[in-house]
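Below is one structure, written out as structure tokens; the observations come after it.
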Amino acid sequence: MVEQLNIDNEKISGTVQNINFRNESNGYTVATVKTKNEELTVVGILPFISEGEAVDFYGKFIVHPTYGSQFAADTFETKTPEDAVAILKYLSAGALRGIGPATATKIVERFGKDSLNIIADNPLELTLIKGISKQKALAVSEEYKKQYGIRDIMLMLSKYKISPDRCLGIYKRFGTESINIINSNPYVLCEEGLDFYFETVEDIAADLGIEKESDNRIAAGIEYVLRKNLTNGHTCLPRDKFIAVASRLLDCKEDLVDITCDRLIDCFRLESFEIDNNEYLALPKYYSAERYIAARMLSVKEFINSQITVDKLEIENVENRLNIKFEELQKKAIFEAFDSGVLVLTGGPGTGKTTTLNAIIKLFENRDLEIELAAPTGRAAKRMSELTGREAKTIHRLLEVEWGESDERRFARNEKNPLSCEVIIIDEASMIDSLLFCDLLKALKLSCRIIIVGDSDQLPSIAAGNILGDILSSNRFPSICLKKVFRQAAKSKIVSNAHAIINNESADFSDKTSDCFFIERQNKYSAVNSILELVTERLPNAYNINPITDVQILCPSKMLDTGTINLNNLLQERLNPLKKGEQQLFYKGFYLRVGDKVMQIKNNYDLQFRKDNGEFGTGVFNGDVGFITDIDKRASILKVRYDDRVATYFSEDLNQLELAYAVTVHKSQGSEYDYVILPLCEVPSKLKYRNLLYTAVTRAKKMLICVGNMSVWDDMAANDKKTLRYTMLKTFLEKEQNNEFI
């Protein structure tokens, strides 16, 4: 397995004395290993190593802040005991459940050096030994095969740089038949849950002599293309375009892809349906989710308590209590929230969404109805809580997320265990994907009123689906779009320029005393210099603010000179240079230092943290922003503070962090920042569109400063071509409404 190792990895060899800890779900193990000269603690993904085994470990020495010196193993090789003495030692140490020293002695005395072969291949011969029943013999054999099955997979796949934890996932899926299954059809590794890259499996298939036109290869390629396009937001694809793309990937004739699609449809591995006389293809999971959403949403009206209503007098009382005057659309939204069962409330900044929402909440509270507030991300939920004065939860937390052995998402709240709320209000709905929205609807009582709040002009969800856009365009539910900008908000040039973007009007940066500025810079070098000067000198000096915590740069792209990667490196050197005597970690092209602003870039439900009150917990999520508080370079360990908790990152977790002095606009969704700087100098053409510009502008609360070419702003504002997403929900809402599915 040496092919997997880093060139600077060390090797230690020894006998496993004790298994001190093992996480059965992911194979993470802490073991005591006796080498020639000493006993060591070895940690890592080490599935099924057993006490008494001789093992070669490859990795490096680290120093854990609590447990001291350890050897962190990247991978390992076990040495199968070959002579009777070694086998007796192995079995006597309890390597196989059900066999102790006495039974081990009897087995070795009878079968000698063939003992392990008997256990693996002819377990019923063990029944010749007194005390071993047929059931016990088969159980011992199964345990032995389980232990060596994962090792066989690791040996088979080591040349393809496949890690032990991925091998463990394969074994969990296919068990002792893993090797046989891979040999007969390596493309099973592309299946959902294993999710190997098609290109990786192609290498394995080529070595196994799999023909390019094999049914298994073509079928796997078809499903892979559909899954790959989920990352572009598509829950389905038009068949004609799809076949052309899949045939290029597979380097085969389109007719072969076409025929295989029909076969997959017949055996329910694909779904086929029509939109405007054009055929579309989808994976069954997404087809079922969007079908369910459509049917469930349309059924709400039938089950709500229609006797719960509101009248004009009560709305006037709320106005008097809050000392405000609702405009007509706000009043209409309040009535619809009571009458319709489903309400979609949209609007840009300053149009009174929050005021309307607070009135709706108050009126439902007056009727003692149980209300839940939810948002797709922690940042959005926190902001919702601040605006409403009520607790808001992430959708995952509300549904009581649980994670299975293969990290598949499960919710404790579902059809069998629904939420008790009678009203649910969902904010930042443009960020919700199809699968999550389906799970949320499954957890609601049929009589629960649903209020969906969002801004349809913002970017759609990162994951597949277009929930808010499809619901609005279907015209199946009352939707109120608040457009009037209230007087106080109208004083903000951030607000007025945001609305100018949507209304295809010219932006106004003429007021030099406003909260919105444009600094013209004709080339990327002067733009970068101006951004650095703004962050490090001009803004902190003028407004007495902290440049790290109060200022956020939002970039359309990661790349180029005005992208996040370059700006993060430059800003780190200006704002947080390495100080004498301090440690730093270098990881994948950038340094990490104490005091750095960082972002978690993927959900990690196992990452441990400690709250300020001493409580421990797990889970740090995609988009969370924190600050590095401590670094141990030798152990490759660092700690990051997120609000009231500190998470500990080990070397294997560092790929989940990025510097966050500058972040992409996509990563900023659901957040607001006091001071925002937006580089608009060298924006790639594929990112020059209105939704992205609008989303960036509406992230700023106190001040927005654009740096670059005004022509870039104008090009983006003029490009109203929303990011194309192929989805099914709008069609399903129309068909369900018209009973076309019956």
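When all heavy atoms are compared, the tightest approach of Ala464 to Tyr286 is CB-CE2, 4.0 Å.
Between the side chains of Glu582 and Gln584, no donor-acceptor pair of N or O atoms lies under 3.5 Å. Residues Asn466 and Thr727 have side chains that never bring a donor and an acceptor to within less than 3.5 angstrom of each other. Looking only at atom types and distance, the side chain of Tyr197 has no donor-acceptor partner in the side chain of Lys228 under 3.5 Å away. Between the side chains of Asp455 and Tyr694, a donor-acceptor pair is found at a separation under 3.5 Å. Side-chain N/O atoms of Lys597 and Gln552 include a donor and acceptor closer than 3.5 Å. At a cut-off of 3.5 Å, with distance as the only test, no side-chain donor of Ser711 or Asp714 sits close to an acceptor on the other residue. Checked by atom type, the side-chain pair Arg641/Thr629 shows no donor-acceptor distance below 3.5 Å. A donor-acceptor pair shorter than 3.5 Å cannot be found between the side chains of Gln583 and Asp632. A donor-acceptor contact closer than 3.5 angstrom is absent between the side chains of Arg699 and Ser668. Side-chain atoms of Tyr591 and Asn569 form no donor-acceptor pair, as typed in the model, at a separation below 3.5 Å.
Between Asp515 and Lys493 there is no salt bridge, since no side-chain nitrogen of the basic residue lies less than 4.0 Å from a carboxylate oxygen of the acidic one.
Remark: Thr394 OG1 to Lys382 NZ distance equals 14.0 Å, nearest 0.5 Å. With values rounded to the nearest 0.5 angstrom, Glu199 atom CD is found 12.0 Å from Ile204 atom CD1. Taking CD of Glu428 as the start and OG1 of Thr377 as the end, the distance is 7.0 Å to the nearest 0.5 Å. Ile432 contributes atom CD1, which lies 9.0 Å from atom CG of Asp427 (distance to the nearest 0.5 angstrom). Ser526 OG to Ile531 CD1: the interatomic distance, rounded to the nearest 0.5 Å, is 9.5 Å. Note that OG of Ser496 and CD of Glu505 are 10.0 Å apart. Values are rounded to the nearest 0.5 Å.
When each of Ile705, Val707, Ile553 is checked for a side chain to side chain contact (heavy atoms under 4.5 Å, CB included) with Pro679, only Ile553 meets the rule. Cys681 pairs in a side chain to side chain contact (heavy atoms under 4.5 Å, CB included) with only one of the listed residues (Lys524, Arg521, Gln522), which is Lys524.
Contact annotation: the side chain of Asn576 approaches that of Tyr661 to within less than 4.5 Å [non-hydrogen atoms, C-beta and beyond]. Residues Asn568 and Glu658 fail the side-chain proximity criterion, which asks for heavy atoms closer than 4.5 Å. Residues Gln608 and Thr648 form no side-chain contact, since every pair of their non-hydrogen atoms from C-beta on lies 4.5 Å or further apart. By the 4.5 Å heavy-atom criterion applied to side chains, Val598 and Leu592 are counted as neighbours. Side-chain contact check for Val676 versus Met703: every heavy-atom pair is 4.5 Å or farther apart. The shortest distance between side-chain heavy atoms of Leu459 and Leu692 falls below 4.5 Å.
The cationic atom of Arg645 (NZ for Lys, CZ for Arg) lies less than 6.0 Å from the six-membered ring centre of Phe609 and within 45° of the ring axis.
By the 30° and 60° cut-offs, the orientation of the rings of Phe518 relative to Trp713 is perpendicular. Classification of the Tyr649-Tyr642 ring pair by plane angle, with boundaries at 30° and 60°, yields tilted.
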Check the pair Arg725 / Ser461 against side-chain hydrogen bond (donor to acceptor under 3.5 Å, both in side chains), numbers first and verdict last.
-> CA-CA 11 Å; Arg725 289 201 170 192; Ser461 61; 3.3 Å; yes
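Counting non-hydrogen atoms of other residues, nucleotides and ligands closer than 6.0 Å to CE of Met559 gives a total of 12 or fewer.
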